[in-house]
Amino acid sequence: MNPTFFRRRRVLLTLAALSVAAGAGVRAFAQPSAAVIRVVARKFSYTPGEIMLKRGVPVDLELVTEDVVMGFNAPDFNVRADVIPGKTARVRLTPDRAGTFTFYCDIFCGSGHESMSGTIIVT
């Protein structure tokens, strides 16, 4: 193969990498800022147990636990995360409709798990 081929290939690969990196930066920068709500999961409750949101306003939920592995599931908003002790799980939620919605633990965490839920109220 001739050296010109390799030079052109290197230039094309470099341009492709820069294009991907630039596109990722634009997407990250273009995301609207969101309020952050910290949600603590403990056997067998969430704090806060009631989360008040506004329709169309994005929010980041920071989910933590110190007990055991928990789950967080808000099926009406297609949001789900594993909550692992010592780590922070983050999910973004933008409510698209008003109402009262339930979130719950979907990983068995012991006796009392069945009642581990909370409410999202969207105005």
Side-chain angles (χ1 to χ4, degrees):
M1 297 236 160
N2 86 36
T4 305
F5 169 80
F6 290 109
R7 251 190 318 260
R8 286 182 182 165
R9 183 173 177 222
R10 188 178 319 126
V11 168
L12 288 174
L13 290 174
T14 302
L15 289 173
L18 288 172
S19 173
V20 169
V26 168
R27 278 193 303 277
F29 182 73
Q31 288 214 356
S33 62
V36 176
I37 298 175
R38 187 172 181 86
V39 179
V40 179
R42 287 191 188 92
K43 286 185 173 180
F44 297 99
S45 66
Y46 288 100
T47 304
E50 186 176 277
I51 301 172
M52 301 288 293
L53 302 176
K54 292 186 179 181
R55 181 175 173 245
V57 178
V59 64
D60 288 334
L61 300 179
E62 287 187 347
L63 309 161
V64 296
T65 183
E66 294 177 3
D67 293 318
V68 297
V69 175
M70 308 272 187
F72 179 89
N73 195 336
D76 293 300
F77 301 106
N78 199 26
V79 172
R80 196 212 166 274
D82 290 334
V83 187
I84 299 169
K87 298 191 183 273
T88 300
R90 289 179 178 82
V91 295
R92 173 150 301 183
L93 166 64
T94 304
D96 58 352
R97 60 194 179 280
T100 301
F101 308 93
T102 300
F103 63 89
Y104 58 89
C105 177
D106 63 357
I107 296 177
F108 183 76
C109 54
S111 178
H113 162 77
E114 315 69 47
S115 63
M116 189 170 172
S117 65
T119 304
I120 297 172
I121 300 171
V122 182
T123 56

Linking I/L/V/M/F/W/Y whenever any side-chain heavy atoms sit under 4.5 Å apart, do [X] and [Y] land together?
{"X": "Val59", "Y": "Val39", "result": "yes"}
{"X": "Phe72", "Y": "Ile37", "result": "yes"}
{"X": "Met116", "Y": "Val91", "result": "yes"}

Mind checking salt bridge (charged side-chain N to carboxylate O under 4.0 Å, His left out) for Asp67 and listing every partner two or more places apart, or none if nothing turns up?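 Result, salt bridge (charged side-chain N to carboxylate O under 4.0 Å, His left out) vs Asp67: none returned.
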Name all residues meeting the salt bridge (charged side-chain N to carboxylate O under 4.0 Å, His left out) criterion together with Arg55; count only those two or more places apart in sequence or in a different chain, and write none if there are none. none
So, is the end of the Arg97 side chain (NZ or CZ) under 6.0 Å from the ring centre of Phe77 and within 45° of the ring's axis? yes
What are the two closest heavy atoms between [X] and [Y], and how far apart are they?
{"X": "Ala98", "Y": "Thr123", "value": "CB-C, 4.3 Å"}
{"X": "Leu63", "Y": "Ala81", "value": "CD1-CB, 3.9 Å"}
{"X": "Thr65", "Y": "Ile84", "value": "CG2-C, 3.8 Å"}
{"X": "Pro48", "Y": "Phe103", "value": "O-CZ, 4.0 Å"}

Would you say CG of Asn78 has more than 12 non-hydrogen atoms from neighbouring residues, nucleotides or ligands within 6.0 angstrom? no
In this structure, are over 12 heavy atoms from other groups packed under 6.0 Å from Glu114 atom CD? yes
Does some side-chain heavy atom of [Y] sit less than 4.5 Å from a side-chain heavy atom of [X]?
{"X": "Leu53", "Y": "Ile51", "value": "yes"}
{"X": "Asp106", "Y": "Arg80", "value": "yes"}
{"X": "Thr102", "Y": "Ile120", "value": "no"}

With sequence neighbours excluded, tell me which residues meet side-chain contact (heavy atoms from CB on, under 4.5 Å) with [X].
{"X": "Val69", "value": "Pro85, Ile107"}
{"X": "Glu62", "value": "Val36, Arg38, Thr88, Arg90"}
{"X": "Val68", "value": "Lys43, Met70, Cys109"}
{"X": "Ser115", "value": "none"}

Could you check Phe108, Tyr104, Phe44 and say which one makes a ring pair (Phe, Tyr, Trp, His ring centres under 6.0 Å) with His113?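 Result: among Phe108, Tyr104, Phe44, Phe108 is the only option passing the ring pair (Phe, Tyr, Trp, His ring centres under 6.0 Å) with His113.
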Would the distance check show the side chain of Thr119 and the main-chain N or O of Phe101 forming a donor-acceptor pair, the cut-off being under 3.5 Å? no
Looking at Cys105, is its backbone amide N or carbonyl O close enough to the side chain of Tyr46 to form a donor-acceptor pair, meaning the two atoms are under 3.5 Å apart?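 Yes; judged by distance alone, with no hydrogens or angles, the pair exists.
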Once you round to the nearest 0.5 Å, how far does CD of Glu50 lie from OG1 of Thr100? 8.0 Å
